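A short worksheet on the structure shown next.
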2 protein chains.
Amino acid sequence: MTASQFKSAPEPTLRRLPRYLHLLFRLREGGLEDVSSTLIARELKLDPTQVRKDIEYTDIVGRPKTGYPIEDLIIAIEAFLNWNNTEDAFIAGVGNLGSAMLGYQRFKKYGLNFVAAFDTDKQKIGTQIDTIPVLSIEKLPDLANRMKIKFGVLTVPPQYAQFVAEIMVEGGIKAIWNFAPCQLKLPDDVIVENAQLTQSLAVISRKLHEKKILGSD
Amino acid sequence: MTASQFKSAPEPTLRRLPRYLHLLFRLREGGLEDVSSTLIARELKLDPTQVRKDIEYTDIVGRPKTGYPIEDLIIAIEAFLNWNNTEDAFIAGVGNLGSAMLGYQRFKKYGLNFVAAFDTDKQKIGTQIDTIPVLSIEKLPDLANRMKIKFGVLTVPPQYAQFVAEIMVEGGIKAIWNFAPCQLKLPDDVIVENAQLTQSLAVISRKLHEKKILGSD
DNA sequence: TTTGTATTGCGAATTTTTTCTCGATTTTAT
DNA sequence: ATAAAATCGAGAAAAAATTCGCAATACAAA
């Protein structure tokens, strides 16, 4: 365990790493062995230096003239994000979005393995969604503790989000991926990442609005 | 149409505005009339000055000692994001995520109104999802042109994303909200916002990983 | 009326992130 | 073997975003 693993990357960097990864998968499929920061930058419309700086965080060294070995770079990024070790996770809220999340087997590639889903709807409890059992939310804390689950995904309606989040914390969950559009109030040692679609929508809404305003001149 | 409407806000600001909005809704329900940057900052764990700077972009003026009228602030933020005028939109890809998006009537509150969905699956074509008809993707360009649709949501599998995005552009769509984990190559005048879940997942994955590393010392 | 308090809004300072510059290095071609 | 081309990596510079400091202002209480 090297010291560099303790070095925290800035959030913009963390957000770019998955984009590199997707590109690298595609390039690898294409039979490429090495990749340069120049190529990545051109494909992703970024600055080559920025790509190099980002990659530095993952502790891989490139070679002049050839760049980085794609295979090694993939492994390094995955290791940096801990996506090589799958993390068992609970998900609370089996509505539209929750079901969609469960349906994505893709998440397993990103280090996330759903082991159980929770809901309050008696119609859903006892069923399975893509082999994942749906259980009563009352069982969450005890089960989380016993299974040592540290990762929770929150896809419940906003009015229940705080309540369910507290249940997760009670079960010893340390990281909550929150899809509800609200601010959770939890102990400081709980990591909360808000993955709100409305944030992303705001960016594109405003850009389109600006374009319309400018375009009408 | 004031000059300030042309002033573009930085992306971090755009991402925070919806969070303010959600909080404001909650405060309004609670019967509050005014809100200070201090209060918003405390609730959302931000810096009060940052909140004020963000709000400045929406062209509303607060009053010393009392802050901002909640109602006015809501209207100002919504206007800034153009969420007071609903934008008609097409969505391509009626899989898990696409269906989930269609199921969210909530989006109408955020200025987004789905008028038609598109897919290649003959089983799905001709059906309706939450009153939205699912049509063959071939019909997209012509229909988009005739209905003057400017906003497209892309929830198709990554291998089809580029192809379908080009079809959208052919139909005159100017803003694409892309959920596929890939980089679209489109004309420069097309706005693309990548709303990839993996980006958000990367942030929380790394934070949890760091916590584990540090915690084990 | 006066005093105390909480707030906005603006410019300055700081911090963070991105971009630029360039020497050192490795491969390829001559 | 030598020259040419392409890249990395590191430090400096620039740009962007955040935070600080404070005067001006509005309200409430004395």
Side-chain angles (χ1 to χ4, degrees), chain A residues 2-4 7-17 19-20 23-24 27 32-73 76-77 80 199 202-203 206-207 210, chain B residues 2-4 7-17 19-20 23-24 27 32-73 76-77 80 199 202-203 206-207 210:
Chain A
T2 67
S4 59
K7 186 172 46 186
S8 181
E11 239 186 74
T13 294
L14 292 178
R15 292 189 181 282
R16 282 188 295 267
L17 289 177
R19 302 183 57 197
Y20 300 160
L23 175 62
L24 293 171
L27 295 176
L32 226 57
E33 301 226 325
D34 296 292
V35 67
S36 68
S37 61
T38 323
L39 174 61
I40 296 177
R42 189 169 50 236
E43 288 292 314
L44 267 37
K45 290 186 185 170
L46 300 170
D47 183 275
T49 311
Q50 182 171 65
V51 174
R52 285 201 292 279
K53 288 253 196 279
D54 286 342
I55 288 175
E56 269 183 56
Y57 284 101
T58 69
D59 246 4
I60 200 176
V61 289
R63 279 187 315 182
K65 180 81 177 178
T66 52
Y68 308 87
I70 290 183
E71 193 62 36
D72 295 358
L73 188 49
I77 294 177
F80 187 77
Q199 289 180 20
V203 176
R206 176 64 195 177
K207 284 183 184 168
E210 278 172 13
Chain B
T2 68
S4 60
K7 188 173 45 187
S8 180
E11 238 186 75
T13 294
L14 293 177
R15 292 189 181 281
R16 282 188 295 267
L17 290 177
R19 302 183 58 198
Y20 300 160
L23 175 62
L24 293 171
L27 295 175
L32 225 57
E33 300 227 326
D34 296 292
V35 67
S36 68
S37 61
T38 323
L39 174 61
I40 296 177
R42 189 168 49 237
E43 288 292 314
L44 266 35
K45 290 187 184 168
L46 300 170
D47 183 275
T49 309
Q50 182 171 66
V51 174
R52 284 201 293 279
K53 287 255 196 276
D54 286 343
I55 288 175
E56 269 182 56
Y57 284 101
T58 68
D59 247 4
I60 200 176
V61 289
R63 279 188 313 185
K65 181 82 178 181
T66 51
Y68 308 87
I70 291 182
E71 194 62 36
D72 295 357
L73 189 48
I77 293 176
F80 187 77
Q199 290 180 18
V203 176
R206 176 63 195 178
K207 285 183 183 166
E210 278 172 12

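Here the structure is a predicted model, which is why all the values come from computation and not from measurement. In the text below, chain A, chain B and the rest are named by the order of the sequence lines, each starting its count at 1.
The residue among Val35(B) and Lys53(B) whose nearest nucleotide of DNA chain C lies closer to the 5′ end is Val35(B).
Per the geometry, CZ belonging to Arg15(B) stands 12 Å off P belonging to dA17(D), to the nearest Å. Rounded to whole Å, atom C1' of dC8(D) lies 16 Å from atom CD of Gln50(A). Atom CD in Glu56(A) sits roughly 17 Å away from atom P in dT7(D) (whole-Å rounding). Between the CG atom of Leu73(A) and the P atom of dT7(D) there is a distance of 15 Å, rounded to whole Å. Atom P of nucleotide dT7(D) and atom CG of Asp34(A) are separated by 11 Å, given to the nearest angstrom. Spacing between atom CG of Leu39(A) and atom C1' of dA6(D) amounts to 13 Å, rounded to whole angstrom units.
The side chain of Arg52(A) places no N or O atom within less than 4.0 Å of a non-bridging phosphate oxygen (OP1 or OP2) of dG9(D).
Once rounded to the nearest 0.5 Å, the distance linking OG1 of Thr58(B) with OH of Tyr20(B) reads 10.5 Å. With rounding to the nearest 0.5 angstrom, the OH atom of Tyr68(A) is 11.0 Å from the CG atom of Leu24(A).
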Run Val35(A) and Leu23(A) through side chain to side chain contact (heavy atoms under 4.5 Å, CB included) and show every step you take.
CA-CA 10 Å; Val35(A) 67; Leu23(A) 175 62; 5.9 Å; no
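Contact of the Leu27(B) side chain with the Leu39(B) side chain is registered, since non-hydrogen atoms from C-beta on lie closer than 4.5 Å. At a threshold of 4.5 Å between non-hydrogen side-chain atoms, the residues Arg19(B) and Glu43(B) do not count as touching.
Put simply, the side chain of Arg206(A) gets close to the backbone of Phe80(B): a donor and an acceptor are under 3.5 Å apart.
Using a 4.0 Å heavy-atom cutoff across all strands shown, Thr13(B) reaches no nucleic acid atom at all. Residue contacts shown for Thr49(B) include a base, since a base heavy atom lies under 4.0 Å away.
Remark: Glu11(A) CD is packed, more than 12 non-hydrogen atoms of other residues, nucleotides or ligands lying under 6.0 Å away.
Against DNA chain D, the stretch residues 60-70 of chain A makes heavy-atom approaches under 4.0 Å through Val61(A), Gly62(A), Arg63(A), Pro64(A), Lys65(A), Gly67(A), Tyr68(A).
Taking 4.0 Å as the cutoff to heavy atoms of chain A, we find the contact window on DNA chain C bounded by dT17(C) to dT27(C).
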